Amino acid sequence: MSKANTVIVLDFETTGLSPDYGDRAIEIGAVRIKNGKVVDRFQELMNPGRRIDSFIEDYTGITNSMLKDAPPCKDVMKQFADFIDGYNLVAHNASFDKRFLDAELKKISRNYSGKFVCSMLLARRIYQDAPNHQLGTLVNYANIPSAGKFHRALYDSEMTSKLWLAMLKDIRQEYDIKSIPFTLTQKITKTPKKNVHKFLQQW
DNA sequence: TGCCAGGCCCTCTTTAGGGCCTT
């Protein structure tokens, strides 16, 4: 089965900002997109082995009582390692999610071979006039209907996947590009913002 | 138990500082 035309859009909810200072994942959500369509989903809460503070409870709506009976991180991450195996990956502010993915998989001696592209870095280049580049703002800016609650893993990954597809569509239309391989999205996010328009015109 | 980041990007830049974005 070819994995080249498929990406997985993922989002972590966590106990804080830095796995290097002991923060852990508490929820993972992801959607698998093949040829522009959602073909699979993944969502699991996971017990980080300690209580989460009230800021995280308020921010995510995930409570200590919800996590009490959730499976431990190692069990969920094992399943998730299988889910993402071999696929390229997308996340909004991917450097954040990559740090947690790397840290949680390291704890269970698992790895992954896919490459990350950041939807925020793409949006900063494609939607340069957006008021800001937070996920919720960009969803509105791209006229994507949204009714659920942001800051839950599956919902945010669904919204990120819709934003991702909207950006690819806008690039195709504006620059008359027939298809956009993952490698092109990598190149766009590594192109300086001021050069992106010229880069895509010449593609 | 608590300590709490880091990469990108702009500019009054590069011998630096600060805002943005993620939880």
Side-chain angles (χ1 to χ4, degrees), chain A residues 7-31 42-67 70 73 76-77 80 84 89-107 115-142 144 146 148-164 166-167 185-199:
Chain A
V7 296
I8 288 178
V9 184
L10 64 92
D11 181 67
F12 277 104
E13 304 306 315
T14 70
T15 64
L17 292 173
S18 177
D20 291 341
Y21 284 80
D23 285 319
R24 299 295 304 271
I26 59 173
E27 188 181 43
I28 178 68
V31 297
F42 188 102
Q43 180 181 37
E44 288 289 342
L45 290 169
M46 54 190 125
N47 188 331
R50 58 185 165 89
R51 291 181 64 80
I52 57 173
D53 64 36
S54 58
F55 173 81
I56 297 297
E57 285 191 320
D58 293 343
Y59 187 78
T60 64
I62 298 168
T63 63
N64 280 293
S65 65
M66 290 164 69
L67 294 176
C73 295
V76 173
M77 292 309 300
F80 192 63
I84 65 173
L89 305 168
V90 170
H92 200 67
N93 198 10
S95 68
F96 174 86
D97 293 280
K98 182 177 187 300
R99 281 202 300 279
F100 278 94
L101 181 65
D102 291 352
E104 292 294 345
L105 291 185
K106 188 178 180 184
K107 288 178 189 294
K115 301 297 180 192
F116 265 100
V117 164
C118 176
S119 58
M120 185 188 74
L121 295 184
L122 190 64
R124 282 180 175 170
R125 287 159 176 76
I126 302 305
Y127 295 151
Q128 296 194 17
D129 295 334
N132 61 55
H133 296 87
Q134 296 171 21
L135 178 59
T137 303
L138 290 165
V139 164
N140 285 331
Y141 184 80
I144 297 165
S146 64
K149 187 183 182 310
F150 282 98
H151 308 307
R152 284 300 298 269
L154 182 59
Y155 188 77
D156 281 7
S157 61
E158 297 260 15
M159 289 298 112
T160 302
S161 72
K162 289 180 181 184
L163 173 65
W164 180 255
M167 289 193 288
T185 64
Q186 287 177 302
K187 284 174 183 161
I188 296 170
T189 59
K190 288 173 183 171
T191 300
K193 206 168 134 180
K194 60 180 167 52
N195 299 339
V196 162
H197 183 61
K198 193 173 182 181
F199 171 79

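Small disclaimer: the values here were computed from a predicted structure and weren't measured. Chain identifiers are assigned alphabetically (A, B, ...) following the order of the sequence lines, protein sequences preceding nucleic acid strands; residue numbering begins at 1 within each chain.
- Per the geometry, CG belonging to A:Asp23 stands 13 Å off P belonging to B:dG2, to the nearest Å.
- Applying the 4.0 Å criterion to OP1 and OP2 of B:dC20, one finds that A:His133 has every side-chain N and O outside that range.
- Distance alone, capped at 3.5 Å, places no donor-acceptor pair between the A:Thr191 side chain and the A:Val196 backbone.
- No contact: A:Thr15 has no heavy atom under 4.0 Å from any strand.
- In this structure, the side chain of A:Asn64 engages the main chain of A:Ile52 through a donor-acceptor pair within 3.5 Å.
- When the side-chain nitrogen and oxygen atoms of A:Arg24 are compared with OP1 and OP2 of B:dT23, none of them lie within a distance under 4.0 Å.
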For nucleotides 17-19 of chain B, which of its nitrogen or oxygen atoms have a protein nitrogen or oxygen under 3.5 Å away, and what is each distance?
none

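- Going from atom CG of A:Leu17 over to atom C1' of B:dC3 covers 14 Å, rounded to whole Å.
- Put simply, A:Tyr21 has no side-chain N or O that comes within less than 4.0 Å of OP1 or OP2 on B:dC3.
- Taking the C1' atoms as reference points, B:dG2 lies 28 Å from B:dG19, given to the whole Å.
- At a threshold of 4.0 angstrom between heavy atoms, the contacts of A:Leu135 are confined to the sugar-phosphate backbone, with no base atom among them.
- Here the side chain of A:His133 pairs a donor or acceptor atom with the backbone of A:Tyr127 at under 3.5 angstrom.
- Of the P atoms belonging to B:dG18 and B:dT1, the separation is 36 Å, rounded to the nearest Å.
- Under a 3.5 Å cut-off, the side chain of A:Gln128 and the backbone N or O of A:Arg125 do form a donor-acceptor pair.
- Put simply, the side chain of A:Asp156 never gets that close to the backbone of A:Phe150: no donor and acceptor are under 3.5 Å apart.
- Taking every heavy atom of residues 150-161 of chain A and every atom of DNA chain B, pairs under 4.0 Å involve A:His151, A:Asp156, by number.
- Taking the side chain of A:Met120 as heavy atoms from C-beta on, and the options B:dC8, B:dC21, B:dT22, the nearest nucleotide is B:dC21.
- Looking only at distances, no side-chain donor or acceptor of A:Glu13 sits under 3.5 Å from a matching main-chain atom of A:Thr60.
- Between A:Gln134 atom CD and B:dC8 atom C1' there is a gap of 16 Å when expressed in whole angstrom units.
- Contact check of residues 91-99 of chain A against DNA chain B (heavy atom, cut-off under 4.0 Å) returns A:His92, A:Asn93, A:Phe96, A:Arg99.
- Separating the CG atom of A:Leu163 from the P atom of B:dC21 is a distance of 13 Å, rounded to the nearest angstrom.
- Counting non-hydrogen atoms under 4.0 angstrom, A:Phe100 reaches nothing in the nucleic acid.
- Relative orientation of the A:Tyr59 and A:Phe55 rings is parallel, given thresholds of 30° and 60° on the angle between their planes.
- For A:Lys193 and B:dC21, the NZ to P distance is 10 Å, given to the nearest whole Å.
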